[in-house]
Amino acid sequence: MDVVDRILGTKKTADSNGHAPVDSGLITDLAALTTQRTPWQSVQLARELKRPHSIEVINGVFDKFEELHGDRGYRDDPAVVGGIAELEGVGPVVVVAQQRGSTTEENIARSFGMPYPEGYRKAIRLYRMAEKFHLPLVTLVDTPGAYPGPEAEERGQAEAIAKSISTMCGLQTPIVAVILGEGGSGGALSLAVGDVVLALQNAIYSVISPEGAAAILWRSATEAEKAANALKLAASDLLRLGIVDGLIPEPAGGAHTDSAATIAAIKTAIVAQVDHLGRVPIADLLSARYERYRHIGTVVEPLAGIAPAPKTEPFWRRIMRGI
Amino acid sequence: MDVVDRILGTKKTADSNGHAPVDSGLITDLAALTTQRTPWQSVQLARELKRPHSIEVINGVFDKFEELHGDRGYRDDPAVVGGIAELEGVGPVVVVAQQRGSTTEENIARSFGMPYPEGYRKAIRLYRMAEKFHLPLVTLVDTPGAYPGPEAEERGQAEAIAKSISTMCGLQTPIVAVILGEGGSGGALSLAVGDVVLALQNAIYSVISPEGAAAILWRSATEAEKAANALKLAASDLLRLGIVDGLIPEPAGGAHTDSAATIAAIKTAIVAQVDHLGRVPIADLLSARYERYRHIGTVVEPLAGIAPAPKTEPFWRRIMRGI
Amino acid sequence: MPFGRQRKEFPSHLWTQCPTCAEMLFNKQLARNNMVCTKCEHHFRLGARERIELLADKGSFTEHDVDLTSGDPLGFTDQKPYPQRIQQSQAKSGEKDAAICGTVRIDENQVELAVMDFDFMGGSMGSVVGEKLTRAGERALANRTPLIIVSSSGGARMQEGTLSLMQMAKILGALHRLDEAGLPYVSVVTDPTTGGVLASFASLGDIILAEPNALIGFSGARVTSETIGEKLPKGFQRAEFVLAHGFVDQVVPRAQLRERLAYFLNAFRPSARDLRWSL
Amino acid sequence: MPFGRQRKEFPSHLWTQCPTCAEMLFNKQLARNNMVCTKCEHHFRLGARERIELLADKGSFTEHDVDLTSGDPLGFTDQKPYPQRIQQSQAKSGEKDAAICGTVRIDENQVELAVMDFDFMGGSMGSVVGEKLTRAGERALANRTPLIIVSSSGGARMQEGTLSLMQMAKILGALHRLDEAGLPYVSVVTDPTTGGVLASFASLGDIILAEPNALIGFSGARVTSETIGEKLPKGFQRAEFVLAHGFVDQVVPRAQLRERLAYFLNAFRPSARDLRWSL
Ligand SMILES: [Zn+2]
Ligand SMILES: [Zn+2]
């Protein structure tokens, strides 16, 4: 595939320029995972109140973050934080993140990191700004999901999520998405369509919360641990399934035991990925982004042969690693 | 100017195809105005409750109107009516209009034809639909102004109007705007940026209502008639100032005395204009639209010579008439 | 049906009671009326094959991707294994999964048509639905024809976990290409359309049509109600409510759906005029 | 100033009372602090020339269209003739009309800067303001530089009738071309910005910055209040209110405005990277 070749060529040029390998500091091989946790342990760690949240991560990873507010239509949603910041060695980027609180007051003010439609519409506005000014886009995902209240329904939660995903699909600028903690369903995906999608080692990303799945499928909320196992929502599962491209290692006790080290690892990963993607022609990037999602999923087609999930690494992960 | 030449060339081709002259049925020469009314009489006629309003005009001018609803963000505003319709001899077009009521109940339901921000956002959505599917856009203007309540302010009345005007400035499809009755300030302009702007003979179009101007400038709302004279808001004044390109004649007693005849005249005018504009390459159309507004206004520049309002017909009116 | 006497007089394989007007409806007549109550116009759910029958020009339907079936990428088991659920649904419905796709003509317009089937695991969207809808979008792009998707779904399929979630991005990627190519996409939203289906392709049509009284919402009303701990407004998440809030273009009775779609397809068909405009 | 004693102690050509904290401020000190109260940071209105001084790199301002003045296209007379109003405003302010435009450098970025002057007929927008701002936009497009407009206006100028209204479309036409060319436009909204100025260029910046407590609204609060016949919410139409409702990016204290503008101009400056992206 010539897109792959062109992108890999770009990568080699970057390497010979003295840059570090793009996957430096990332776990892209499951065998390299030293700590093994159960999915349920990951769920607990991902939701840990003291886990570094988006604003703390933004302030640690980027310089001179200037927050930008508002959706130009209804409200500034504090559950979504976005703006422009400097990324060391790269230059200005646009950052969009979900922000959950570390205290009860902050959680109430930010609706526990559950965006309203206007939060997604603010995100879309900032995506378009990134595109207009050719700034790479970095998103940080950390949400239990989109806010499920009646006002959110009335103002078009579904429409806002759909448009956010659609906008990211065609956005003419590089996108790096990082799942920091909890990636809750469509409310997370609407910030997580990217050229490269990374996850922290103990992050989770799921189509439904384990509690929700337990209530529906096991008819008992107490079976959440069982559901967490079945849903394959842990970062290591997501890596294996080709949903994320690499894991950012956390300290042995979890990210909250050493925020500074965690944030340093996030910074290393983001710098490498944004730097690499910035060297790829935008048309190639958009083709690869389309293909990245195009090939996720497992279908069986008896007459035309079987097309199950790729047993080897998907090509976009090879692109990322430059091999 | 080569754009003008190209557009005039297009016009000649249309004529030699057996089409009627584009200004047929229009008053483009003030000397041809047989009925002379005072501006204040025009204000009364423009606001006449029984004057044909947008839905009646749409149903008379177009075939098979299918209304489309909603702004995809907050609400469907009944003060703005829009959709797709067939225009005889032309094909499908997008129509967007302000709708005031003919009864008190309808007026309350449609907030007296004063759109909320979501009304303008619905309009913008339909403009984009016209652009995507290469459908000409016809707008009908009839509003006292944008709704001035606190909810409209909170949801961004100013932003919605600004974006609507801006969208029309760059919209890649022909636009014909018709001022049916009252053209109230920015709330009207947000539907009235066009390649050709027509007005009914007794329509008005003003930066502020005569009552509002009287209250501010004469410090007395009873001086509204004086203000109406001073503001030059009558259709004949607008034609002279180059703000509208032609007048659609009304029956001697005013449009409300013979709706059918009025609507027939509107149809003749719209068909001719849309048909003509549909023959002009879109790049030329956008250049001429830019120039149309670019040259409205009177400034004096002592060092560089005087650039007052054009004494002869502005070029875009010549384009419309094909001379 | 509160009375035993009624039950005997109206055996359920012959009669259905209308939940809106309580009229007992003869099943054959109900089917002949496209599952709309002949007395009060209550819209019952319509099967995917019947929907295609209703919309397509007679005999114009050519089905695609007939044999695409689901894998079990997660080895998922809740109260029974996922492959067993699939097999049972296939046996019960006679369909391979929750979407049927094909090329049709509607009033002479060639169109890619995809219809979701609520009877198959609640119309849930897993890899097969994602793949079939994406291919439908890609075929529309390749043939430069419009795309129509009729939605009816509880959302993403939990048994394929995050892979189901990714189908939203996969389908929207294809729809985005369709949009950039200037091709029409019409979304028809039927009862019920919720969750990840509503939060992706169902909400983004150039034209969005809904059926009367269809349940249309992102979060289940139960979840929403629990969130605020109070009763929801009347008509909440019903088609007419969603219309008033600006998210669908029209609520169209089923009897008019075919002609309405034909109208929009004809309006959006490129004309000779377009060539001149591209000068 | 309720007491005669105070009036003598604080003659108004030397002192100004802060309307927020009631502190008596020495005029020279107030001017040195860019018309911000030294005690409570209340932002007084700032003249257009002082604004340019505040924002532009020292000595970098080259004014354009200095001598553009208003005609009287309508022969407008209210309580006095329009030309007389213009002349009086010119004599009082020393300016020709309600906007001053020029090319400046801000932190080494060449920028077209337009500043409205509320002191000139309430900053009202007639043909001259429309023409000057449009030319500023066209210069930015020609030179491929950013554009900054600092708004302060009661809206369109009634004395030029519908011609004033048309200036909104004229300016937005130029801004639309700027946007299509990928050039940045930053709107700075200061006290007060209302009517047709807010409903056009002031509301459409890539970045929109407002000054603290600035009055920002489409309809006058009096009109709005009469419409509902009740009191308005606290802080209605003030910068912080408008921020909470999503229509401005930041409320920026005047002391930080210059560096904040510089930050965004630098962030939006095309880099070598862009060339590669256009491949
Ligand atoms: Zn019934
Ligand atoms: Zn003070």
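All chains are named by letter (A, B, ...) in the order of the sequence lines, taking the proteins before the strands, and each is independently numbered beginning at 1.
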Legend entry - Toward chain A, the part of C:A244 with a non-hydrogen atom under 4.5 Å: neither
Legend entry - Distance-minimising heavy-atom pair for C:R177 and A:L286: NH2-O, 4.4 Å
Legend entry - Between CG on residue C:L198 and CD on residue A:E159, distance to nearest 0.5 Å: 10.0 Å
Inset, instruction - Using non-hydrogen atoms and a 4.5 Å limit, figure out which bit of C:T194 sits close to chain A: side chain, backbone, both or neither. - result: neither
Inset, instruction - For C:F247 and A:E154, work out which heavy atoms get closest and say how close. - result: CE1-O, 3.3 Å
Inset, instruction - Check step by step if side-chain contact (heavy atoms from CB on, under 4.5 Å) holds for A:E301 and C:E131. - result: CA-CA 11 Å; A:E301 195 161 21; C:E131 183 68 22; over 6 Å; no
Legend entry - Side chain, backbone, both or neither of A:R289 within contact of chain C (heavy atoms, under 4.5 Å): neither
Legend entry - Top contributor to chain A contacts, counting heavy-atom pairs under 4.5 Å, from C:Q159, C:Q167, C:E138, C:E160: C:E138
Inset, instruction - Decide yes or no for A:K226 and C:D78: does some side-chain heavy atom of the first lie under 4.5 Å from some side-chain heavy atom of the second? - result: no
Inset, instruction - Among C:I171, C:D72, C:I208, C:L163, single out the residue with the greatest number of heavy-atom pairs under 4.5 Å to chain A. - result: C:L163
Legend entry - Interface residue of largest heavy-atom contact number with chain A, from C:A199, C:S203, C:G155, under 4.5 Å: C:A199
Legend entry - Minimum heavy-atom distance A:T298-C:S127, with the two atoms named: N-OG, 3.1 Å
Inset, instruction - Heavy-atom distances under 4.5 Å only: say whether A:L217 touches chain C with side chain, backbone, both or neither. - result: both
Inset, instruction - Report the C-alpha separation of C:M166 and A:L189 in whole Å, then their side-chain angles, then the decisive distance to 0.1 Å, and conclude whether the side-chain contact (heavy atoms from CB on, under 4.5 Å) test is met. - result: CA-CA 8 Å; C:M166 295 299 115; A:L189 175 61; 4.1 Å; yes
Inset, instruction - Mind ranking A:A162, A:A146, A:G145 by heavy-atom pairs under 4.5 Å with chain C and telling me who comes out on top? - result: A:A162
Inset, instruction - Go through C:T134 and A:R294 one step at a time and tell me if the side-chain contact (heavy atoms from CB on, under 4.5 Å) criterion holds. - result: CA-CA 8 Å; C:T134 302; A:R294 182 69 190 83; 3.4 Å; yes
Inset, instruction - Kindly give the heavy-atom pair with the smallest separation between C:K170 and A:Y293, and that separation in Å. - result: CD-O, 3.4 Å
Inset, instruction - Pick whichever of C:A156, C:S200, C:A169 has the most heavy-atom pairs under 4.5 Å with chain A. - result: C:A169
Legend entry - A:S206 versus C:T162, closest heavy-atom pair with distance: CA-OG1, 3.6 Å
Legend entry - A:I161 side, atom CD1; C:M168 side, atom CE - distance, nearest 0.5 Å: 6.5 Å
Legend entry - Part of C:Y82 lying under 4.5 Å from any heavy atom of chain A: neither
Legend entry - Main-chain N/O of C:F218 paired to A:E153 side chain as donor or acceptor, under 3.5 Å: yes
Legend entry - Shortest non-hydrogen separation from C:L74 to A:K232 and the atoms involved: O-NZ, 3.3 Å
